[in-house]
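Working notes, beginning with the structure itself.
Start at 1 and go down the list; that is how both ligands and their atoms are numbered.
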Amino acid sequence: MSFKALFPLFFCILLQFSFISNFAGAIQQEAEALVEWKQSLHSLNQSFLSSWSLPRDALTAKNSNVITPCHWLGVGCENGSVTRLNLTNVGLTGTLYAFNFSSLPNLSFLDLHDNNLFGNIPSSISNLTKLTSLHLGNNQFTGKMPEDLGKITTLTNLNFINNFLSGQIPSSLGNLTSLTLLILGNNRFVGTIPPEVGYMISLTELRINLNNLTGPIPPSIGNLRGLKTLSVYGNKLSGSLPKEFDNLTNLTLCFLSNNTLSGSLPEKICQGGILQDFCASNNRFSGTVPKGLKNCTSLTRLRLDRNNFVGNITEDFAVYPVVDYIDLSYNNFEGEISSDWAKCKNMTSLKISDNNITGKIPPELGKATKLHYLDLSSNQLVGEIPKELGNLKSLFNLTLSNNKLSGNIPREVGNLLDLASLDLGANGLNGTIPEEIGNCPKMIYLNLSRNGLNGVIPWQIGSLVSLQVLLDLSRNSLSGEIPLQLGNLDNLEELDLSHNNFSGQIPSTFDQMQSLISVDVSYNNLEGPLPYGKVFMNSPLVSFMENKALCGNITGLIPCPRALNFSKRKGKNAVALITAPILGVGVFVCIVVAVALYLLKGGRGVKGEKNRKVGSQRENMFSIWSFDGKLVYEDIKQATKGFDVKYCIGEGGHGTVYKAVLSTGQIVAVKKLKTIQNPSFENAKNFEAEIEALSKIRHRNIVKLNGFCSHAQHSLLVYEYLERGSLGKLLGIEKEARELDWEKRVIVIKGIANALCYMHYDCSPPIIHRDLSSNNVLLDRDYEPRVSDFGTARLLSLDSCRNIWLHCS
Ligand SMILES: *[C@@H]1O[C@H](CO)[C@@H](O)[C@H](O)[C@H]1NC(C)=O
Ligand SMILES: *[C@@H]1O[C@H](CO)[C@@H](O)[C@H](O)[C@H]1NC(C)=O
Ligand SMILES: *[C@@H]1O[C@H](CO)[C@@H](O)[C@H](O)[C@H]1NC(C)=O
Ligand SMILES: *[C@@H]1O[C@H](CO)[C@@H](O)[C@H](O)[C@H]1NC(C)=O
Ligand SMILES: *[C@@H]1O[C@H](CO)[C@@H](O)[C@H](O)[C@H]1NC(C)=O
Ligand SMILES: *[C@@H]1O[C@H](CO)[C@@H](O)[C@H](O)[C@H]1NC(C)=O
Ligand SMILES: *[C@@H]1O[C@H](CO)[C@@H](O)[C@H](O)[C@H]1NC(C)=O
Ligand SMILES: *[C@@H]1O[C@H](CO)[C@@H](O)[C@H](O)[C@H]1NC(C)=O
Ligand SMILES: *[C@@H]1O[C@H](CO)[C@@H](O)[C@H](O)[C@H]1NC(C)=O
Ligand SMILES: *[C@@H]1O[C@H](CO)[C@@H](O)[C@H](O)[C@H]1NC(C)=O
Ligand SMILES: *[C@@H]1O[C@H](CO)[C@@H](O)[C@H](O)[C@H]1NC(C)=O
Ligand SMILES: *[C@@H]1O[C@H](CO)[C@@H](O)[C@H](O)[C@H]1NC(C)=O
């Protein structure tokens, strides 16, 4: 073969080679850009991204082995070029400054949400000219949103939720005509909503809630015909809703609450007939409710509370067949409650408090059997409480206080087995308190004050062992002796029996009410010694004044004759009481009452009973005592999207903790125990230990357990949610740690000391936490601590207990 003949072949090979090398060069550049960024991240990320590596020589000898990043963690390619980068929730810590975006020209999907990335979002990100989806949510980005983002006209999804971005929302976003999702919620944006949002005609979801935006909602919003979700709640928006709002016929979810919006609502607000969730609460809206809302049968949730709406509720609302939640509270509505509300078959919450509603409560409401929450307080309601309300088997909160209701409290209230909160205060109710009220095992709040109730307190109220927040029977005409069974309410924190005609002694069983923080028995005819409980020692005179002859060691009261203590106190513990040593230790006043010895002796029995109780609750599968267990389980699953990591707020040895916003609006922390993969005895023990420990005790510095659920798949513990998370976490974040100044630290330390003191000395048997660390101390908004995580807690046995007592005295 001649050279001439060979030449084209050679040329062809050469060409091909150069193509490959170019091709390889591009992918190589992409790989290098990624590695360069990786190297700028926190050292902990380096090992995690170990697959992101170039052989040493590759950097220098470009044409050696072609490396491809296409199999690297989180990286996706198409046609040999990087098109996707997805690293969500993997603990990335660092900035985007070293990210050479120009080197990844084909990147179309960039998702780095749920990490610890910080610093500015670089303007050079706009070099990703093929980007369609950009998700940087749940990081700590600061600074302004780059103006140049408006150049990435291919964008369809843009999500910067939960960062610290500030400055104005750039008007250049108006060029993003393909954008369907714009999510900028929970940042620090200021200024007005740029009218250019109206150019983003493909938008279906616009979320700019929880920022500092001011000014009106621009009329151009009416161009967004496809808009399904509009969320602007929690800003400082003002002015009235533009009439163009009516053009949003695809609107399904609309959240306007917590602004200063005014004027009336647009007439045709539900024109498309698919509006489901309309939330306008806490604004300055006025006028009547538009006709368009009246026939909006698609509504599942309607919140107009805390505005200045007027009108006759009898006429302005209709039947909403699928509605779940209605809140019209704090407006100026008048008229009567229509029996039609009962036709809202799926309604779980109806709140119309603080209006000017007149007339009677319609007995038909008893047919709205899914109702969990009924609040008609602070109106002008008259007549009796219909006994039909006793049919509302799921009722959890019944608040009818501050009306002009009369007649008796219906006995049927005893049918409400899920009732946790009953407030009938400040009405004109009379007759006796029905003993059936003692049938409500989940009651945590009971307020019957400021009525004309008479007769004795039924002893059955002592069976309401869940009572925790309040028992208020004050300002009635109740008489007779205070039943000693009330002493069983050992979770109760506040007790008010003042302004009645009670006589006799305060029962000595009140010594056992370990959780009491506040007590008031003033203005009665009581006599004899005060109980020994801590709260009785620490309360001021006003709590006991105006009685017949109370005595005790409180300034203003006559001291009790010693003999009186002995002779009048009945029961086996009299001797113990007399010898009770009382120790006050500095600020942490800690009382050791030897009566506990008696309790400990009897403790076996008590503990056995509690064990049985816990056991039977376990068999029940669900026991969430403030709620309807099953519903709450579903609710929790829904609120956490099936325990999505997105809602995870912590992880411990025994389980993962999620934040769940229940459909009632209540926020709880849910600990899911690790049982699925490893249904070990150890885990079951932890679960039970925690329930047993926490269901026995209530203290302001110990985390409150709202309930639990044991299930083949999940074992859940439901707690109160604490805003600031764990002390350990807080101390790990420099800014937060600095904010936690010495004064606050003292609050924390005192609180922990109080909790420990309570567990060790006031509980019988004492509870030993065994795993106290900064990670197990949670803080509320005011830095008040709560000791948590009782998974390894132990109840001290009698013998080991003795040592403690000896040690103590
Ligand atoms: C991104 O990665 C996460 C975690 O690896 C995965 O759950 C998610 O489905 C991915 N997202 C996309 C759009 O590929
Ligand atoms: C990348 O973006 C920056 C800022 O937007 C710009 O100045 C620069 O020229 C771009 N680089 C390339 C290679 O396009
Ligand atoms: C859209 O892009 C054009 C051309 O780049 C620019 O002139 C215009 O100002 C942009 N529009 C907005 C609303 O920023
Ligand atoms: C809004 O601005 C006020 C003062 O202008 C500031 O105190 C507040 O922290 C800001 N809120 C947010 C979410 O940025
Ligand atoms: C709203 O829709 C009506 C009728 O389709 C139209 O005449 C009007 O111009 C639209 N307004 C806006 C702001 O889009
Ligand atoms: C409204 O929603 C429907 C159903 O999702 C969709 O087919 C329609 O195109 C939307 N309308 C507009 C104007 O986008
Ligand atoms: C509105 O603000 C109140 C009080 O600050 C807060 O409790 C509530 O959760 C907020 N609601 C919404 C929807 O942001
Ligand atoms: C409500 O009534 C108005 C006219 O009375 C009608 O245009 C609208 O389609 C109705 N909406 C629904 C959801 O039925
Ligand atoms: C009521 O709620 C149940 C369960 O949430 C649902 O299956 C049913 O379709 C709802 N009924 C109506 C009329 O919406
Ligand atoms: C409200 O409307 C109903 C029904 O039309 C009427 O009977 C009642 O008098 C009205 N109440 C007030 C306060 O206007
Ligand atoms: C409530 O209604 C009554 C009678 O309709 C009226 O006299 C009273 O002023 C109203 N109160 C308020 C606070 O609107
Ligand atoms: C019951 O409802 C009232 C009024 O809405 C509220 O103040 C109270 O906190 C609720 N109780 C519980 C236990 O949720």
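Contact atoms of ligand 1 toward Arg84: 12 (C), 13 (C), 14 (O) (distance under 4.0 Å to a heavy atom of the residue). Per-residue contacts place Asn397 under 4.0 angstrom from the following atoms of ligand 12 (heavy atoms of the residue considered): 1 (C), 2 (O), 3 (C), 8 (C), 10 (C), 11 (N), 12 (C), 14 (O). The contact set between ligand 12 and Asp375, taken as ligand atoms under 4.0 Å from a residue heavy atom, comprises 4 (C), 5 (O). Applying the 4.0 Å criterion to heavy atoms of Tyr373 picks out, from ligand 12, the atoms 1 (C), 2 (O), 3 (C), 4 (C), 5 (O), 6 (C), 10 (C). Annotation for ligand 12: atoms under 4.0 Å from non-hydrogen atoms of Thr399 are 1 (C), 2 (O), 3 (C), 4 (C).
Between Asn86 and ligand 1, a contact under 3.5 Å exists for at least one N or O pair.
Under the side-chain contact (heavy atoms from CB on, under 4.5 Å) test applied with Ile636, the options Tyr647, Tyr658, Phe643 reduce to a single match, Phe643.
The disulfide (SG to SG under 2.5 Å) test applied to Cys77 returns Cys70, not counting sequence neighbours.
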**Request:** Start with the C-alpha gap between Glu412 and Leu389, add the side-chain angles, then the distance that decides, and say whether side-chain contact (heavy atoms from CB on, under 4.5 Å) holds.
**Result:** CA-CA 8 Å; Glu412 287 74 7; Leu389 294 189; over 6 Å; no
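Look at Asp111 and you'll find every heavy atom at least 4.0 Å from all atoms of ligand 1.
Interatomic distance, CG of Leu227 versus CG of Leu182, reported as 10.5 Å (0.5 Å rounding). The CD1 atom of Ile702 lies 12.5 Å from the OH atom of Tyr719; values are rounded to the nearest 0.5 Å.
No more than 12 heavy atoms of other residues, nucleotides or ligands shown are found within 6.0 angstrom of CD on Gln638.
His372 contributes a side-chain N or O that, together with a main-chain N or O of Lys370, makes up a donor-acceptor pair within less than 3.5 Å. Side chain of Asp324 to main chain of Met347: no donor-acceptor pair is present (N/O by atom type, distance under 3.5 Å, no hydrogens or angles). Put simply, the side chain of Asn212 never gets that close to the backbone of Phe189: no donor and acceptor are under 3.5 Å apart.
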Between the protein and ligand 7, are there any N or O atom pairs that come within less than 3.5 Å of each other, and if so, what are their names and distances?
residue	atom	partner	partner atom	Å
ligand 7	2 (O)	Asn258	OD1	3.4
ligand 7	2 (O)	Asn258	ND2	2.2
ligand 7	11 (N)	Asn258	ND2	3.0
ligand 7	14 (O)	Asn258	ND2	3.2

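A salt bridge links Asp277 and Arg301; the closest N-O separation between the charged side-chain nitrogens and carboxylate oxygens is under 4.0 Å.
Contacts of Tyr445 with ligand 12, taken as heavy-atom pairs under 4.0 Å, are absent altogether.
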